[in-house]
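Before any comments, here is the structure.
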Amino acid sequence: MKHRNGTHLRVALSISAAHYRQAPLQALAILIGIILAVTLFVAVQAINLNAKRSYAESAESLSVKASYLVIPMPGQRYLAESVYFSLRQSGLSQSLPILEGRVRDDTGRRYSIQGSDIVAAVTSRSRLQSESDDVSLSNSALPLANLMNGEPFVIVSETQYQRMGGTKTAVLDDVAIQFVVVPDEWQLGSRLLVDISLAQRLLNKQGQLSYIAILDNKVADDTKWQALISGEAQWVANTKSSDLGSLTESFHLNLTAMSMLAFLVGLFIAYNGVKYSLLKRNRLLVQMQQAGLTPNTVFLVLILELVLLVTVGTSLGFIFGIQLSHWLHPTVALTLEQLYGATLLPGTWQWQWWAQALLLTLVAALFACWHHFKQRVQQPLSSHGGFYQSPEQSNENRLMIVGLILVVVALIGLWLSSYFRLTMFWLGVFIVAIPMLLPKSLGLLARIAERKTSTGLVQYLFAELRELIAPLSLAMMALLLAITANIGMNTLVGSFESTLKHWLEQRLHADIYVSPAQSDMTKVEQTLAHFDGVEEVYKQYYVQSNVSGLPTRLGTKDRITLEQTMVFQSQVNDFWSRFYAGDVVTISEPMAVKLGLVLGSELPRDFMSGMTLTVGAIFYDYGSPDGEVLISPELWQSQGFSMVPSSLGVKVSGNREAMQQALKTKLNLHSSQLFDQAEIKAIALNIFAQTFAITSALNGVTLLVAVIGLFTSCFMLLDARKAAIARLYALGVNKSQLFVMVVGQMVTLVLFTLLVALPLGALVGYVLTDIVTLRAFGWSLNFVWSWMDVARLATVTVVVTIVATIIPLWRLVTRPVVASLQSEVL
């Protein structure tokens with residue numbers, strides 16, 4: 001008995017293999033869906049896990065991870081170099097001086113630069129890391145002798161070197177430098193690493209440091225070191241990895257959501273391919289049982305071939321996904337570095353990701369196909385089946401009811417949720433529920449269109465269109481998901497860009513912003529007050545603080561700056577008079593959202609010398625994840641804060657560029673200490689464009705997945721309809737009419753899907769813009785709708801539909817009519 005079962009199984013498997021050899025399109029359709037689903041899933045998995053690994057292993061350039069940091073005192077941007085020398089002389093040898101800033105090349109582009117004691121960094125790495133590490137003083141990539149002689153060398157990673165043009169030399173702020181190119185594995189990211197002395201020269205920060213990194217993890221955080229630097233600097237634990245993980249949480253959640261959406265769209269395509277394959281060989285499955293194969297054997301063969309296809313598709317998708325992650329890695333690295341100061345290590349991969357993707361895809365595929373396989377092996381042996389087997393009306397109605405229930409539940413969840421993770425979950429439920437409404441909606445639209453048309457070929461177009469909805473519903477669902485997400489993300493990006501531009505227009509009121517060293521601030525302030533061509537000098541003052549665990553800047557500005565640049569979300573009556581009287585303060589919107597503060601809320605009494613500060617206004621603040629509290633200039637002075645400004649703004653008369661050059665010469669300032677208003681706007685827009693660069697890329701890939709699915713579905717549908725189209729041709733419908741009718745059917749179906757997707761995409765865009773962004777970042781955006789983006793998206797989709805329909809249709813009408821008619825009985 002077992003031998004006979006084994007023989008039957010081998011026979012059934014050989015029949016299945018022969019079928020796919022004769023109809024490779026069916027296997028290809030399933031594989032394409034699985035490959036596309038797994039590709040994006042693995043790519044984002046690799047990006048997210050590599051990013052988290054980078055946070056956990058975050059180290060100083062060419063060195064190891066710092067255990068502690070010595071940072072400037074509150075209100076100061078730099079600390080004196082003498083603090084570093086004091087620590088070294090006291091026996092703290094495992095420490096690195098760090099100076100960070102930005103420099104400009106001769107084309108005007110700005111780059112982040114970091115100065116460090118390179119010899120000490122490499123020595124500490126060699127001592128504390130494994131012997132297999134190739135970062136050492138003996139490595140030929142480091143020109144040790146040149147560095148010791150103080151020659152102007154800049155160390156860059158291979159990727160950054162190519163990004164900067166691949167030339168051996170450059171000019172940075174009027175200093176000619178040479179590049180030393182090191183492997184990406186040395187963890188430099190996009191930073192330019194130089195010796196500390198060269199950094200001080202380039203940044204005009206002689207004798208100053210940004211911070212000191214303490215590399216020895218055995219150093220105790222005791223009073224000895226704090227007493228040594230008391231009054232000059234602060235000794236703090238390095239919590240960079242946990243801070244970065246918290247800051248970037250919403251970014252990685254966004255990537256995960258996009259990958260799961262693409263995974264779902266890909267599974268729709270694969271599922272559609274499985275259903276198509278079952279429909280096309282329905283008669284074969286019946287004949288296999290009529291020949292003596294048991295239903296269990298046929299069912300087992302269907303399961304085994306699905307497992308094999310999933311394994312092959314997952315393996316190919318895994319390979320493509322790893323490659324895609326390498327392509328996306330530079331964009332993600334630049335985004336995280338510019339927004340959060342995180343450096344991503346070179347991407348790696350793990351075989352466990354393949355196992356995870358295989359398990360997830362296999363479980364999803366078996367769950368979706370099990371019922372269909374059972375139906376096929378349990379059907380009557382007299383059944384022949386056909387491609388136009390439509391789902392029962394009750395099933396269509398049941399799907400509609402379940403979809404409506406999920407939509408209502410998701411909308412209630414979106415309304416009640418207060419945390420962005422929950423909001424994203426309910427948004428995901430809403431997006432998944434949307435396709436359930438599509439088959440019924442398309443059927444209603446087709447019936448309405450049929451009633452509105454006169455008799456003839458046009459009415460036949462819509463009558464047959466109702467029959468096409470069933471076999472094409474899955475492809476339309478995948479397309480609906482992708483279009484809805486695309487519209488939503490485009491709306492978010494457009495809204496963010498528009499809001500940011502308007503906000504910058506009001507926030508930046510000075511022509512030139514000046515940021516000299518704190519020690520030179522008083523002299524620069526006095527010089528500007530009597531400088532020809534300077535009409536007004538604006539001042540702002542800040543110190544670093546903390547409110548309920550949220551890093552917060554406490555500050556004030558001159559009255560003109562306060563009243564001209566504040567963009568309020570809400571404010572109490574008579575705010576300005578109460579503000580200048582010291583009765584109320586104003587806080588940033590991110591702080592209000594993250595700490596749950598509203599007008600009338602009181603800040604903790606320990607925030608500022610035990611005073612009770614009441615929130616009188618909330619102002620918009622885009623880009624900063626931290627909080628900000630502004631008090632009146634009078635209150636600032638009465639509390640004994642420093643009256644030396646943190647930065648200065650200048651309103652000038654005449655040519656800005658000429659004034660900027662004159663100020664630079666007169667005040668002996670570095671290029672990085674002077675910013676033109678237009679330059680700040682360009683930098684801000686460029687940085688925040690990076691926030692959505694990777695999301696937009698994944699959004700485009702998701703749409704590409706759906707478009708490929710639409711292409712394969714159209715191709716398969718035309719192949720299945722060749723007998724029906726041949727009958728029309730035989731009845732006298734000419735080729736041009738056939739082309740118009742068949743293409744018109746597909747385009748109409750896609751347009752109906754777009755019609756359903758538009759309001760749903762607008763709703764998703766609203767949720768992303770007005771709810772998710774607010775709860776994740778604390779930023780309120782103005783909802784901006786772009787008909788141009790919608791028109792572009794619709795055009796691309798319709799063009800793909802036309803191409804996907806014309807190719808197989810052309811093959812069909814150019815073959816003999818008899819051959820097409822015969823396919824109906826084969």
Side-chain angles (χ1 to χ4, degrees), residues 2 4-42 45 262-289 291 293-323 349 351-378 474 478 705 708-709 712-713 715-716 719:
K2 291 182 179 179
R4 188 173 65 181
N5 288 339
T7 302
H8 285 181
L9 183 60
R10 285 195 298 273
V11 170
L13 286 172
S14 64
I15 293 174
S16 176
H19 167 75
Y20 281 121
R21 282 197 299 269
Q22 293 295 319
L25 176 64
Q26 295 175 27
L28 185 62
I30 301 171
L31 284 174
I32 285 176
I34 296 171
I35 290 170
L36 293 174
V38 173
T39 295
L40 217 60
F41 175 80
V42 170
Q45 178 89 331
F263 183 78
L264 186 61
V265 172
L267 287 185
F268 267 110
I269 297 171
Y271 179 59
N272 194 40
V274 171
K275 285 191 67 178
Y276 173 75
S277 177
L278 291 174
L279 287 166
K280 287 295 291 179
R281 56 179 165 152
N282 188 59
R283 183 174 299 147
L284 175 62
L285 296 175
V286 172
Q287 290 171 345
M288 289 170 66
Q289 295 182 66
L293 295 178
T294 64
N296 287 339
T297 301
V298 177
F299 179 77
L300 182 58
V301 167
L302 292 175
I303 293 294
L304 288 176
E305 71 177 40
L306 180 63
V307 170
L308 178 61
L309 287 170
V310 168
T311 303
V312 173
T314 300
S315 301
L316 293 174
F318 176 78
I319 295 171
F320 294 148
I322 294 298
Q323 183 59 56
W349 64 274
W351 70 268
Q352 290 92 333
W353 300 345
W354 172 84
Q356 291 173 0
L358 177 62
L359 181 63
L360 181 61
T361 309
L362 193 57
V363 169
L366 290 174
F367 178 78
C369 300
W370 192 277
H371 177 66
H372 290 289
F373 290 167
K374 280 291 186 182
Q375 277 186 330
R376 292 301 166 185
V377 299
Q378 292 174 354
L474 287 170
V705 171
I708 292 174
T712 57
S713 296
F715 203 94
M716 291 186 297
D719 182 68

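Because the structure is predicted, anything quoted here is derived from the model rather than measured. Heavy-atom basis, side chains included; hydrogens, waters and symmetry copies ignored.
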Next on the checklist: I need the F367 CZ to L362 CG distance, nearest 0.5 Å.
Outcome noted: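 Atom-to-atom, F367:CZ and L362:CG are 14.0 Å apart.
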Checklist entry - Roughly how far, to the nearest 0.5 Å, is CG of L358 from CD1 of I34? => result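 Atom-to-atom, I34:CD1 and L358:CG are 10.0 Å apart.
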side-chain contact (heavy atoms from CB on, under 4.5 Å) partners of [X], counting only residues at least two apart:
| X | result |
| --- | --- |
| I319 | none |
| L359 | V363 |
| F320 | I35, T39, L316 |

Item to check | Test applied, side chain to side chain contact (heavy atoms under 4.5 Å, CB included); reference residue, V312; option that passes from V307, L31, I30 | outcome: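 Between V312 and the candidates, side chain to side chain contact (heavy atoms under 4.5 Å, CB included) is satisfied uniquely by L31.
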Next on the checklist: Counting C-beta onward and ignoring hydrogens, is there a side-chain heavy-atom pair between L300 and N296 closer than 4.5 Å?
Outcome noted: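 Not touching, per the 4.5 Å side-chain cut-off.
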Checklist entry - For residues 300-319, which residue pairs qualify under side chain to side chain donor-acceptor pair (under 3.5 Å), counting only residues two or more places apart or in two chains? => result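 Listed by first then second residue: S16-E305, Y20-E305, R281-E305, S315-W354.
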Checklist entry - Going by the side chain to side chain donor-acceptor pair (under 3.5 Å) test, which pairs reach into residues 355-364, not counting sequence neighbours? => result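 Pairs touching residues 355-364 that pass the test: Q45-Q356.
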Checklist entry - What pairs of residues pass the salt bridge (charged side-chain N to carboxylate O under 4.0 Å, His left out) test when at least one of them lies in residues 311-323, not counting sequence neighbours? => result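 Passing the test, one end in residues 311-323: no pairs.
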Item to check | Taking every non-hydrogen atom, the tightest pair across V38 and G317 | outcome: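 Looking at all heavy atoms of both residues, the shortest contact is CG1-C, 3.8 Å.
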